[in-house]
Amino acid sequence: MTVFIFVATLLGFMAFGVPIAFALLLSAIALMFHLSFFDPQIIAQNMLTGADNFSLMAVPLFMLAGEAMNAGGMSRRMVHLAASFVGHIKGGLGYVAIMASVLLAALSGSAVADAAALAAMLVPMLRSRGYDMNQATGLIAAGGIIAPIIPPSISFIIFGVAANISVTKLFIAGIVPGLLMGLTLVTVWAFISSRSKTMQSSPKESWTVRSKAFRDSSWALLLPIIIIGGLRGGIFTPTEAAAVAAVYALFVGMVVYREITFKSLFPLLVNAAMTTAIVMFLVAAALVTSYMITLADLPQAIIEMLGPLVDSPTLLMFTLVILLTLIGTAMDLTPTILILAPVLMPVVEKAGIDPTYFGVIFIMVGCAGLLTPPVGTVLNVVCGVARVRMEDIIKGVWPYVLAYTALITLMVIFPEIVLAPLRWFY
């Protein structure tokens with residue numbers, strides 16, 4: 001009955017268009033009444049406690065770093081570097097999009113930001129070269145969701161806080177799956193481009209141009225090396241890495257590339273602050289719900305429901321992947337993490353599944369949900385920037401969604417794909 005009240009209240013308010021943060025608070029209040037007590041102080045105290053977390057300091061700092069990278073020209077130089085090396089191959093701009101997706105993922109950590117930046121820079125070029133816009137925009141959207149997997153990842157930070165597991169381990173564990181996602185896109189795009197008769201290639205660049213492009217983007221390429229090297233070497237925590245990334249991105253944008261001026265700095269800070277406020281309020285509201293979920297012993301009820309599967313970790317993982325896939329079609333990634341991570345983690349631990357491995361699979365499945373209607377946040381962003389219809393981009397993105405599904409299935413069957421590199425790196 002408790003599970004039904006929580007789910008019905010949450011989904012009911014969302015169905016009426018109530019913002020997810022307020023729907024979370026209202027579902028927590030519904031649980032309070034169900035348990036025959038109501039205390040506003042619990043709401044206030046848990047919201048403050050939820051936002052007062054050292055690990056969450058990384059969120060505004062990585063948001064600021066992402067804004068500075070886009071405004072300071074680091075993202076554009078990454079795209080130019082990719083174009084200079086692979087733009088001349090048949091379907092070359094598609095490979096540029098994939099290569100740029102992986103490179104930008106190591107800078108921003110936001111699927112929406114990466115997809116918007118890639119669409120703004122590449123769609124005009126793709127259109128002028130005769131690429132099919134359905135396929136091209138589908139590829140850009142599919143490349144954008146690599147960002148939450150390769151560190152630094154804002155989604156991993158939020159998952160680590162919500163599930164109480166190491167953010168550093170999540171960062172390290174995401175490297176290989178993120179690269180495999182890029183390789184998956186290359187495989188699918190190679191098949192699509194080989195069958196196309198309309199794609200035009202760019203002229204092959206000389207090594208002089210490539211060397212210049214590499215030098216121009218060297219400052220941007222250095223950032224992921226600093227972050228991953230610092231985390232791997234124990235030099236700084238993820239939160240401290242976020243501070244390093246923000247300061248570094250501002251320094252490069254203002255001093256090296258000189259594309260960020262004092263006049264443009266204020267709007268940049270405002271954009272980062274606004275995005276941070278949305279995320280932090282969601283986190284604060286979710287912690288109230290998480291407290292009530294624990295108090296109502298909801299995890300134990302879920303364990304009893306999934307009891308027959310606890311002795312079969314692989315079967316349990318497949319069940320959870322299907323559950324997360326269905327939820328991901330109707331809910332954005334951040335609220336999915338905040339609602340389900342505290343509920344599912346006790347089940348996962350009882351089944352003996354590595355929490356870090358589960359976190360990587362959780363985020364990968366949630367990212368795939370960003371590409372599926374009706375919500376499809378990344379699809380909406382690319383549609384808006386590229387000015388294409390939703391039904392058209394859906395036609396182009398499905399091959400990549402199916403390919404990602406196959407990759408996730410492989411990782412569920414063979415967990416060592418994630419765990420072996422984690423043990424080597426960490």
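- Side-chain contact between L103 and V79: absent, with no pair of heavy atoms (C-beta onward) separated by less than 4.5 Å.
- Between L371 and Y404, some side-chain heavy-atom pair lies under the 4.5 Å cut-off.
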Only distances under 3.5 Å count here; give the side-chain donor-acceptor pairs of residues 140-153 to other protein atoms, sequence neighbours excluded, each with its distance to 0.1 Å.
{"unit_1": "S153", "atom_1": "OG", "unit_2": "P148", "atom_2": "O", "d": "2.5"}
{"unit_1": "S153", "atom_1": "OG", "unit_2": "S155", "atom_2": "N", "d": "3.4"}
{"unit_1": "S153", "atom_1": "OG", "unit_2": "F156", "atom_2": "N", "d": "3.1"}

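- Once rounded to the nearest 0.5 Å, the distance linking OG of S217 with CG of L222 reads 11.0 Å.
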Could you walk me through whether L268 and L64 pass side-chain contact (heavy atoms from CB on, under 4.5 Å), step by step? CA-CA 8 Å; L268 185 152; L64 176 59; 3.4 Å; yes
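- Rounded to the nearest 0.5 angstrom, M74 CE and I260 CD1 are separated by 9.0 Å.
- Not a single side chain to side chain contact (heavy atoms under 4.5 Å, CB included) links T187 to another residue, sequence neighbours left out.
- Expressed to the nearest 0.5 Å, how far CZ of F358 lies from CG of L316 amounts to 8.0 Å.
- Annotation: side-chain hydrogen bond (donor to acceptor under 3.5 Å, both in side chains) contacts of S206 (sequence neighbours excluded): none.
- Ring pair F85/W207 is perpendicular by interplanar angle, where above 60° counts as perpendicular and below 30° as parallel.
- When atom types are taken as modelled, the side chain of Y248 and the backbone of W219 share a donor-acceptor pair closer than 3.5 angstrom.
- Counting heavy atoms from C-beta on, the side chains of P355 and M345 come closer than 4.5 Å.
- Taking every heavy atom of both residues into account, L170 and T356 meet most closely at CD2-O, 3.8 Å.
- For the pair M133 and D392, the minimum side-chain heavy-atom distance is 4.5 Å or more.
- Of all non-hydrogen atoms in V96 and A83, the two that sit nearest each other are CG2-CA, 3.3 Å.
- Looking at T208 and S211, their side chains never bring a donor and an acceptor atom within 3.5 Å of each other.
- When the side chain to side chain contact (heavy atoms under 4.5 Å, CB included) test is applied to A243, the partners found at least two apart in sequence or on another chain are L61.
- A side-chain donor-acceptor contact under 3.5 Å links Y257 to the backbone of D216.
- Residues forming a side chain to side chain contact (heavy atoms under 4.5 Å, CB included) with M125 (at least two apart in sequence, or on another chain): L93, L122.
- A ring-centre distance under 6.0 Å is not found for F13 and F22.
- The closest donor-acceptor contact from the side chain of T261 to the backbone of S264 lies under 3.5 Å.
- Put simply, the side chain of R76 never gets that close to the backbone of A117: no donor and acceptor are under 3.5 Å apart.
- Nearest heavy atoms, G94 versus L126: N-CD2, 4.5 Å.
- The shortest heavy-atom contact between L324 and F362 is CD2-CE1, 3.6 Å.
- Put simply, the residue from V382, L118, V397 that forms a side chain to side chain contact (heavy atoms under 4.5 Å, CB included) with T137 is V382.
- Residues passing the side chain to side chain contact (heavy atoms under 4.5 Å, CB included) test with T405 are V401, T409, sequence neighbours excluded.
- Around the CZ atom of F281, the shell of radius 6.0 Å holds more than 12 heavy atoms that belong to other residues, nucleotides or ligands.
- Judged by distance alone, the side chain of R77 and the main-chain N or O of G73 form a donor-acceptor pair under 3.5 Å.
- With rounding to the nearest 0.5 angstrom, the CZ atom of R210 is 6.5 Å from the OG atom of S84.
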Could you go through the side-chain contact (heavy atoms from CB on, under 4.5 Å) check for S193 and Y95 one step at a time? CA-CA 10 Å; S193 60; Y95 296 113; 3.8 Å; yes
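- Between atom CG of residue L104 and atom CG of residue D114 there is a gap of 5.0 Å, rounded to the nearest 0.5 Å.
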I'd like to know whether L323 forms a side-chain contact (heavy atoms from CB on, under 4.5 Å) with I327, so could you lay out the CA-CA distance, the side-chain angles of the two residues, the decisive distance to 0.1 Å, and finally the verdict. CA-CA 6 Å; L323 173 66; I327 292 172; 3.8 Å; yes
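- For the pair I337/I363, a side-chain contact is recorded, criterion being any heavy-atom separation below 4.5 Å from C-beta on.
- Under the 3.5 Å distance criterion, the side-chain polar atoms of E240 are matched with a main-chain donor or acceptor of T237.
- The closest side-chain heavy-atom distance from I413 to F318 is below 4.5 Å.
- For the residue pair I353 and Y357, the shortest heavy atom distance occurs at CG2-CD2, 3.7 Å.
- Residues V244 and I227 fail the side-chain proximity criterion, which asks for heavy atoms closer than 4.5 Å.
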Would V418 and M364 count as a side-chain contact (heavy atoms from CB on, under 4.5 Å) here? Give the steps. CA-CA 12 Å; V418 177; M364 286 184 71; over 6 Å; no
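- Salt bridge E416/R423: present, at least one basic N to carboxylate O contact under 4.0 Å.
- Here OG1 of T239 is found 7.0 Å from CD1 of I157. Values are rounded to the nearest 0.5 Å.
- Side-chain contact check for Q135 versus K395: every heavy-atom pair is 4.5 Å or farther apart.
- Across all non-hydrogen atoms, the minimal contact from L185 to Y400 is CD2-CD2, 3.5 Å.
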